[in-house]
Amino acid sequence: MTLSKVLLSALAPALMAFGAPQEVFDLTVERVRPLRDQPGDLHIDAQGVTFRSKDGKTDVTIKMQDLREASVADPRALRFETYEVEKWKPIERREYTFRASPDAPLDALALFLAAKVHRPVVGHYWQG
């Protein structure tokens with residue numbers, strides 16, 4: 001059984017208590033860059049992850065099947081790793097990191113990604 005199926009089956013009762021799962025996520029984020037962070041909007045749906053900068057200079061689109069790993073464990077570091085390799089570091093995969101507000105719906109996003117991505121999804125789970 002894959003990790004995403006284990007996570008989904010473990011959290012399914014909590015999801016049912018809150019109603020239908022959310023299918024589209026629109027977040028105001030900052031793309032973490034080495035010299036200067038880049039504010040913009042992050043859109044996540046069944047097709048993939050799309051980032052569009054506020055100044056319109058940067059568009060990042062990652063198809064759902066191209067996601068190698070997703071980490072939504074921390075709103076200060078939403079991380080998406082692709083199968084694409086870095087140009088100057090062929091051993092490393094291309095990775096995008098975003099900062100979201102602390103009130104971002106991370107639990108719902110983790111459940112959504114666990115259901116849609118067939119690779120590891122690192123989520124955030126509160127202890128009751």
Side-chain angles (χ1 to χ4, degrees):
M1 186 177 264
T2 65
L3 178 62
S4 62
K5 289 181 182 176
V6 169
L7 292 175
L8 187 60
S9 64
L11 295 173
L15 181 62
M16 295 299 180
F18 293 113
Q22 189 173 345
E23 292 290 324
V24 176
F25 297 87
D26 289 308
L27 306 170
T28 300
V29 297
E30 283 189 342
R31 181 177 172 205
V32 178
R33 305 278 310 207
L35 298 177
R36 185 178 74 204
D37 292 344
Q38 190 174 36
D41 297 312
L42 188 67
H43 177 81
I44 303 169
D45 60 16
Q47 281 69 45
V49 178
T50 304
F51 171 77
R52 179 165 286 122
S53 66
K54 293 284 186 193
D55 61 9
K57 293 182 180 179
T58 304
D59 286 330
V60 174
T61 301
I62 307 168
K63 294 180 183 176
M64 200 57 78
Q65 65 263 22
D66 294 339
L67 273 176
R68 184 170 186 266
E69 183 178 315
S71 173
V72 293
D74 181 5
R76 303 297 294 168
L78 302 175
R79 191 175 58 78
F80 300 96
E81 183 179 308
T82 68
Y83 286 103
E84 186 179 350
V85 295
E86 293 285 345
K87 182 176 182 178
W88 301 109
K89 300 176 190 172
I91 293 176
E92 295 182 18
R93 304 275 181 188
R94 184 165 305 272
E95 185 177 292
Y96 299 96
T97 304
F98 302 97
R99 251 187 232 120
S101 63
D103 62 340
L106 297 184
D107 294 334
L109 183 57
L111 286 171
F112 172 78
L113 289 171
K116 301 294 182 191
V117 178
H118 301 290
R119 302 295 299 166
V121 175
V122 180
H124 168 76
Y125 304 100
W126 57 273
Q127 295 180 358

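For clarity, every value in this text was computed on a predicted model and none was experimentally measured. Computation of the quantities below employed the complete heavy-atom set of this structure, encompassing side-chain atoms and omitting hydrogens, waters and symmetry-equivalent molecules.
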>> Run the side chain to side chain contact (heavy atoms under 4.5 Å, CB included) test on Val60 and Thr50 for me, step by step, so that the C-alpha distance in whole Å, both residues' side-chain angles and the decisive distance to 0.1 Å come before the verdict.
In response: CA-CA 6 Å; Val60 174; Thr50 304; over 6 Å; no
>> Please determine whether side chain to side chain contact (heavy atoms under 4.5 Å, CB included) holds for the pair Phe25 and Val72, giving the CA-CA distance in whole Å, both sets of side-chain angles, and the decisive distance to 0.1 Å.
In response: CA-CA 13 Å; Phe25 297 87; Val72 293; over 6 Å; no
>> If you apply the rule side chain to side chain contact (heavy atoms under 4.5 Å, CB included), what do you find for Thr97 with Arg31, and how did you get there?
In response: CA-CA 6 Å; Thr97 304; Arg31 181 177 172 205; over 6 Å; no
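Each of Thr28, Asp37, Asp74 was compared with Arg99 under the side chain to side chain donor-acceptor pair (under 3.5 Å) criterion, and only Asp37 meets it.
Using a 4.5 Å cut-off on side-chain heavy atoms (C-beta onward), Leu27 and Pro105 make contact. Within the 4.5 Å cutoff, the side chain of Glu23 has heavy atoms near those of the Phe112 side chain. The side-chain heavy atoms of Tyr96 and Arg79, taken from C-beta on, include no pair separated by under 4.5 Å.
By the 4.0 Å N-to-carboxylate-O rule, Glu84 lies too far from Arg68 to be salt-bridged with it. For Glu30 and Arg76, the salt-bridge test fails: no basic side-chain N is under 4.0 Å from an acidic carboxylate O. Remark: Arg93 does not engage Glu95 in a salt bridge, criterion side-chain N to carboxylate O under 4.0 Å.
In this structure, Thr82 contributes its side chain and Arg94 its backbone to a donor-acceptor pair below 3.5 Å.
Ala46 and Lys116 get closest at one heavy-atom pair: CB-CE, 4.4 Å. Of all the heavy atoms in Val24 and His43, the pair that sits closest is CG1-CE1, 3.3 Å. In plain terms, the two heavy atoms of Ala100 and Leu78 that are nearest each other are CB-CD1, 3.8 Å.
For the atom pair CZ of Phe80 and CG of Leu42, the computed distance is 5.5 Å after rounding to the nearest 0.5 Å. Rounding to the nearest 0.5 Å gives a distance of 11.5 Å between CD of Gln47 and OG1 of Thr61.
Linking Ile, Leu, Val, Met, Phe, Trp and Tyr residues whenever their side-chain heavy atoms come within less than 4.5 Å leaves Phe51 and Val32 in two separate clusters.
For residues 44-58, every residue pair satisfying the salt bridge (Lys or Arg N to Asp or Glu O under 4.0 Å) rule, not counting sequence neighbours, is listed here: Asp41-Lys54, Arg52-Asp59.
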